[in-house]
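What follows is a short report on a single structure.
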Amino acid sequence: MGNEWVTAYLGLGSNLGNRQENLDRALDFLSHRLHLEKVSSSYDTEPVGNINQPRFLNAVCQINTMLAAVELLTLVKGIESRLGRTPSYQNAPRIIDIDILFYGDQTVETPQLVIPHPLLIERGFVLVPLAEIAPDLVHPVNGKTISQLLNELGGVQGILKWEIE
């Protein structure tokens with residue numbers, strides 16, 4: 001892979017502190033190292049997995065990068081740390097979470113990284129913002145567009161477009 005531009009999609013989430021500010025700061029850090037092409041609206045969403053925690057603010061961005069997928073993972077984990085995320089248990093409340101959803105049309109399976117993100121097809125809080133900016137993006141494993149996946153998910157209760165005050 002060297003020196004080829006890849007279009008990737010990242011999911012961002014925050015449910016501690018000023019959630020919109022956390023997303024904005026993460027996007028700002030990302031823009032210093034990557035070409036930020038598109039950013040979805042923010043969505044106020046119910047927590048999944050561990051429901052006894054504050055609601056999340058979620059967004060998705062489209063980036064262009066020359067970083068390899070594993071280098072991109074190192075970058076986003078570094079941004080999470082800079083914004084104050086500390087290691088914790090799965091589905092814990094967090095100041096920021098940045099997931100690599102898609103990396104071009106590639107699939108990656110390592111102990112540290114699985115692309116496409118294995119849970120995105122069942123997560124409305126990812127599919128709703130993703131469908132806003134990339135409805136025709138095709139999932140490289142199942143061959144379906146993001147719009148199709150969102151339709152198949154059925155209801156997306158508890159996912160509200162966030163209006164910035």
Side-chain angles (χ1 to χ4, degrees), residues 1-43 45 47-50 53-134 137-142 144 146 149 162:
M1 206 37 225
N3 296 349
E4 284 181 39
W5 287 100
V6 175
T7 298
Y9 292 85
L10 306 178
L12 295 91
S14 174
N15 75 337
L16 294 177
N18 183 326
R19 301 174 303 163
Q20 185 64 56
E21 187 178 298
N22 295 338
L23 295 183
D24 292 343
R25 289 181 63 209
L27 290 164
D28 184 52
F29 278 128
L30 289 167
S31 73
H32 292 290
R33 292 289 310 276
L34 310 162
H35 287 274
L36 206 51
E37 298 294 323
K38 292 182 187 171
V39 180
S40 73
S41 304
S42 295
Y43 291 84
T45 65
V48 172
N50 169 13
Q53 61 178 321
R55 290 176 67 89
F56 277 84
L57 214 52
N58 291 98
V60 168
C61 65
Q62 176 187 327
I63 60 160
N64 286 335
T65 182
M66 284 192 184
L67 293 176
V70 66
E71 294 170 325
L72 181 59
L73 178 66
T74 301
L75 174 67
V76 300
K77 293 300 163 204
I79 291 171
E80 288 179 349
S81 294
R82 284 183 69 181
L83 289 172
R85 180 166 182 184
T86 52
S88 187
Y89 56 93
Q90 191 172 3
N91 295 325
R94 46 204 172 270
I95 197 159
I96 192 69
D97 185 29
I98 307 171
D99 289 330
I100 303 170
L101 304 174
F102 292 104
Y103 182 82
D105 58 4
Q106 297 181 41
T107 56
V108 177
E109 281 193 49
T110 70
Q112 295 78 31
L113 183 62
V114 179
I115 299 173
H117 193 288
L119 298 175
L120 76 85
I121 61 173
E122 55 197 57
R123 291 185 165 170
F125 66 83
V126 172
L127 291 174
V128 169
L130 192 54
E132 179 188 319
I133 63 169
L137 178 67
V138 175
H139 192 294
V141 176
N142 64 31
K144 296 178 180 177
I146 298 307
L149 291 169
W162 183 250

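Since the structure is predicted, the reported quantities are computational estimates derived from the model, not experimental observations. The figures that follow rest on heavy atoms only: side chains count, while hydrogens, waters and symmetry mates do not.
Within the model, atoms CG of L67 and CG of L34 stand 6.0 Å from one another, a figure rounded to the nearest 0.5 Å. Taking CD of E122 as the start and NE2 of H117 as the end, the distance is 10.0 Å to the nearest 0.5 Å. Interatomic distance, CD1 of I133 versus SG of C61, reported as 7.0 Å (0.5 Å rounding). To the nearest 0.5 Å, atoms CD1 (I121) and CD1 (I146) are separated by 10.0 Å. Rounded to the nearest 0.5 Å, atoms CD1 (I100) and CG (L75) are 8.5 Å apart.
Contact detail for A69 and L113: the closest heavy-atom pair is O-CD2, 3.8 Å. Contact detail for L12 and A26: the closest heavy-atom pair is CD2-CB, 3.7 Å. Closest non-hydrogen pair, P129 versus S40, comes out as CB-OG, 3.3 Å. In terms of heavy-atom proximity, M66 sits nearest to W5 at CE-NE1, 2.9 Å. A pairwise comparison of heavy atoms in L127 and L120 identifies CG-O, 3.4 Å as the closest pair. Closest approach of G13 to N58, counting heavy atoms only: CA-ND2, 3.6 Å.
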Show your reasoning for whether side chain to side chain contact (heavy atoms under 4.5 Å, CB included) applies to L72 and L10. CA-CA 10 Å; L72 181 59; L10 306 178; 4.2 Å; yes

Could you please spell out the steps behind the side chain to side chain contact (heavy atoms under 4.5 Å, CB included) verdict for I96 and L23? CA-CA 7 Å; I96 192 69; L23 295 183; 3.9 Å; yes

Decide yes or no on side chain to side chain contact (heavy atoms under 4.5 Å, CB included) for N22 and L83, but give the supporting numbers first. CA-CA 8 Å; N22 295 338; L83 289 172; 5.8 Å; no

Let's go through L130 and L149 carefully: what are the C-alpha distance in whole Å and the side-chain angles of both, what is the deciding distance for side chain to side chain contact (heavy atoms under 4.5 Å, CB included) to 0.1 Å, and is it a yes or a no? CA-CA 11 Å; L130 192 54; L149 291 169; over 6 Å; no

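Side chain of S42 to backbone of L57: no donor-acceptor contact under 3.5 angstrom is found. In this structure, the side chain of S14 engages the main chain of I95 through a donor-acceptor pair within 3.5 Å. The main-chain N or O of P93 is never found under 3.5 Å from a side-chain atom of N15 such that the two would form a donor-acceptor pair. Listed for the E132 side chain is a donor-acceptor partner under 3.5 Å among the backbone atoms of S41. Looking at Q106, its side chain never comes within 3.5 Å of a backbone N or O of Y103 through a donor-acceptor pair.
Looking at residues two or more places apart in sequence or on another chain, you find no salt bridge (Lys or Arg N to Asp or Glu O under 4.0 Å) involving K38. Applying the salt bridge (Lys or Arg N to Asp or Glu O under 4.0 Å) criterion to D97, with sequence neighbours excluded, gives R85, R94. When the ring pair (Phe, Tyr, Trp, His ring centres under 6.0 Å) test is applied to F102, the partners found at least two apart in sequence or on another chain are H139. Every residue was checked against the salt bridge (Lys or Arg N to Asp or Glu O under 4.0 Å) condition with R123, not counting sequence neighbours, and none meets it. Residues passing the side chain to side chain donor-acceptor pair (under 3.5 Å) test with D99: none are found, sequence neighbours excluded.
Residues L27 and L36 meet the side-chain proximity criterion, which asks for heavy atoms closer than 4.5 Å.
Residues in residues 28-37 take part in no salt bridge (Lys or Arg N to Asp or Glu O under 4.0 Å) pair, two or more places apart or across chains.
Open room surrounds CG on D105; 12 or fewer heavy atoms of other groups in view lie less than 6.0 Å from it. The number of heavy-atom neighbours closer than 6.0 Å to CZ of R82, taken from other residues, nucleotides and ligands shown, is 12 or below.
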